[in-house]
There are 2 protein chains.
Amino acid sequence: MARPRTPVLTAARIADAAMELIDSGKPFGVNALARALSVQPSSLYNHLDGRRAIIELVRGRLVERYMSDIPEELPWDEAVELLVRSERRMYTEHPHIVPLIVTETVTDAAAIASYDHMAGVLLRGGFPEEEVLVLIQLLDAFALGSGLDFAAPEDVWEPTTPTLHLARLLALQPSGKTRSDQAFEIGLEMLLTALRARLAAHQATQTDAS
Amino acid sequence: MARPRTPVLTAARIADAAMELIDSGKPFGVNALARALSVQPSSLYNHLDGRRAIIELVRGRLVERYMSDIPEELPWDEAVELLVRSERRMYTEHPHIVPLIVTETVTDAAAIASYDHMAGVLLRGGFPEEEVLVLIQLLDAFALGSGLDFAAPEDVWEPTTPTLHLARLLALQPSGKTRSDQAFEIGLEMLLTALRARLAAHQATQTDAS
DNA sequence: ACCTGAACACCGTTCAAGT
DNA sequence: ACCTGAACACCGTTCAAGT
């Protein structure tokens, strides 16, 4: 015991086990993760800087898997659509990651690169510099919210008192995942429409000024 | 000791202390809350059903404070704007509640009533029934995201590797809260534009069909 | 009815000790 | 360098005991 001749753990092995634990839906934690790896919690600290670092590592792995291989030469709006669809797919296929990352600062290199990519797309599209981060955040919040909804579509609202509309609308929905998919399509269409309209307005005022 | 002649706790007293603890920015928890009330953690269970119930109660208090007194007779788009602005103000003035409620199912009666109100507004505006919940969720996610951003505007992205655009765009932003305000205004304008366009499209196809 | 206090099964993190 | 094991200061929840 103590130090093994060949190391038991690596950051990669920890990340794999963390993703497995998260995807299983069981509560994620450093201790639970250590148990899954048949190791003491303290051992993990030789490879990673605690809970937040582990979550950030998992985020990075997912981003690499889902957000790479986006073609470079697309028109801006097609690129935006593809990026948002990829991000949403990432969350729907790994829904339990969502509550873990929404409150964490993004530091992982791959994740930063992905947002950087989106920034490039919007800048090349012609959006003003001051506005790009705002738009990224809007699109990101939409993808995240859509992922949360997909993860627990029945559990967003649970009326216990009589309602004028809400309970009826909830009952009227096609159940669960397919509703969430429809919601995503409607939201995405609206956001893309709004983006195109906004860009057109910018370009009109630019033309006026010249 | 044991049972006091006049009760020390009530749900209202617990809710007040919980809001104070949350607003202070210190980590929220049942034990920490009990300490603030000079009481044993187990005592709280005589009045409330644990951590989630406490959070839900605080949500309800905030919704009552910020989302009531919305005039009934406004045009749908003005009502939507007012509701989203009120919700966002709720989160900016109590930012530490946001991470606590994003992952909780909405059960509080006042909160449900507020979403029900929004449903009524959109239905009277002429949006189709199947779409109303989707739109509410989109607007809600926007208000929540905007609140999260306001709570920690510097901490959303923290690039540690070189970026093509992101680091520059971050540095270029007016700092903190005012940027978050601008972001909110842009996003709200885009969403309202998109809603109006969508409603117009619906009404056009309805006219076609008749 | 409403509080205490002990108990349980957890957390995340630090650090000395061991090889 | 990399693991164990003990320790610390926490969690949320249950339940018997007391008035």
Side-chain angles (χ1 to χ4, degrees), chain A residues 1-22 24-59 96-97 99-105 107-108 155, chain B residues 1-22 24-59 96-97 99-105 107-108 155:
Chain A
M1 45 210 86
R3 174 151 108 99
R5 283 186 268 94
T6 163
V8 190
L9 296 174
T10 61
R13 249 180 68 66
I14 295 172
D16 287 341
M19 246 189 62
E20 209 173 325
L21 178 58
I22 290 167
S24 79
K26 281 174 252 169
F28 174 77
V30 176
N31 294 26
L33 178 58
R35 245 175 278 127
L37 285 161
S38 307
V39 129
Q40 296 298 320
S42 50
S43 305
L44 303 177
Y45 287 77
N46 289 303
H47 303 271
L48 283 162
D49 218 27
R51 181 194 157 93
R52 294 183 44 177
I54 298 171
I55 292 170
E56 204 51 25
L57 194 64
V58 173
R59 187 211 298 265
H96 299 292
I97 193 72
L100 298 177
I101 60 171
V102 276
T103 53
E104 300 282 348
T105 302
T107 60
D108 177 84
D155 301 350
Chain B
M1 46 212 84
R3 173 151 109 98
R5 281 185 269 97
T6 164
V8 189
L9 295 174
T10 61
R13 250 181 68 66
I14 295 172
D16 287 341
M19 247 190 62
E20 209 172 325
L21 177 58
I22 291 167
S24 78
K26 281 174 252 171
F28 174 79
V30 177
N31 294 25
L33 178 58
R35 246 175 277 128
L37 285 161
S38 306
V39 130
Q40 296 297 321
S42 51
S43 305
L44 302 176
Y45 288 76
N46 289 303
H47 303 270
L48 284 161
D49 218 25
R51 179 194 158 93
R52 293 183 45 176
I54 298 170
I55 292 171
E56 205 50 25
L57 193 63
V58 173
R59 188 210 300 263
H96 299 293
I97 193 73
L100 299 177
I101 60 170
V102 275
T103 54
E104 300 282 347
T105 302
T107 61
D108 176 86
D155 302 350

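Below, read A as the first sequence line, B as the second, and so on, with proteins coming before strands; counting in each chain starts at 1.
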Discussion item. When you measure from the side chain of B:D16 to the backbone of B:R13, do you find a donor-acceptor pair of N or O atoms at a distance under 3.5 Å?
Written reply: no
Worksheet item: Of all the nucleotides listed (C:dT4, D:dC2, C:dG12), which has the minimum atom distance to the side chain of A:R51?
Response: C:dG12
Worksheet item: What is the minimum heavy-atom distance between A:E104 and A:I55, and which atoms define it?
Response: OE2-CD1, 4.1 Å
Fill in: Integer angstrom distance from the P of C:dA9 to that of D:dA9
22 Å
Response to the item:
From CD of B:Q40 across to C1' of C:dA1 the rounded distance in Å is 18 Å
Worksheet, complete the sentence: Side-chain contact check for A:N46: nearest option of C:dT4, C:dT14, D:dC3 is D:dC3
Worksheet, complete the sentence: Among C:dC3, C:dC11, D:dA6, the one nearest any side-chain atom of A:S42 is D:dA6
Worksheet item: Distance check: side-chain N/O of A:S43 vs OP1/OP2 of D:dT4, anything under 4.0 Å?
Response: yes
Worksheet item: Which of the following nucleotides, D:dC10, D:dC2, D:dT14, is nearest to the side chain of B:R35?
Response: D:dC10
Item to complete: Write down the partner of C:dA7 under the Watson-Crick or G-U wobble criteria, each distance required to be under 3.5 Å.
Response: D:dT13
Worksheet item: Roughly how many Å is it from CG in A:L37 to C1' in D:dC3, rounded to a whole number?
Response: 13 Å
Worksheet entry | B:L37 to B:A17 - nearest heavy-atom pair and separation | CD2-CB, 3.6 Å
Response to the item:
Taking a pair to mean Watson-Crick or G-U wobble geometry with both distances below 3.5 Å, C:dC2 pairs with D:dG18
Worksheet item: When you measure from the side chain of B:N31, which nucleotide among D:dG5, D:dG12, D:dC2 comes out closest?
Response: D:dG12
Response to the item:
Nearest heavy-atom contact between B:Y45 and B:G50 is CE2-CA, 3.7 Å
Worksheet item: Would you say a side-chain N or O of A:H47 is under 4.0 Å from OP1 or OP2 of D:dC3?
Response: yes
Practice prompt. Under 4.0 Å between any heavy atoms, over every strand shown, what does B:P27 touch: base, sugar-phosphate, or nothing? Just pick one.
Written response: nothing
Discussion item. How many whole angstroms separate atom CG of A:L9 from atom C1' of D:dC3?
Written reply: 8 Å
Practice prompt. Name the closest nucleotide to the A:P4 side chain, picking from D:dC3, C:dT13, D:dT14.
Written response: D:dC3
Worksheet item: What heavy-atom pair brings A:A15 and A:V58 nearest, and what distance separates the two atoms?
Response: O-CG2, 4.1 Å
Discussion item. Under 4.0 Å, heavy atoms only, any strand: does B:R52 hit a base, just the sugar-phosphate, or nothing?
Written reply: nothing
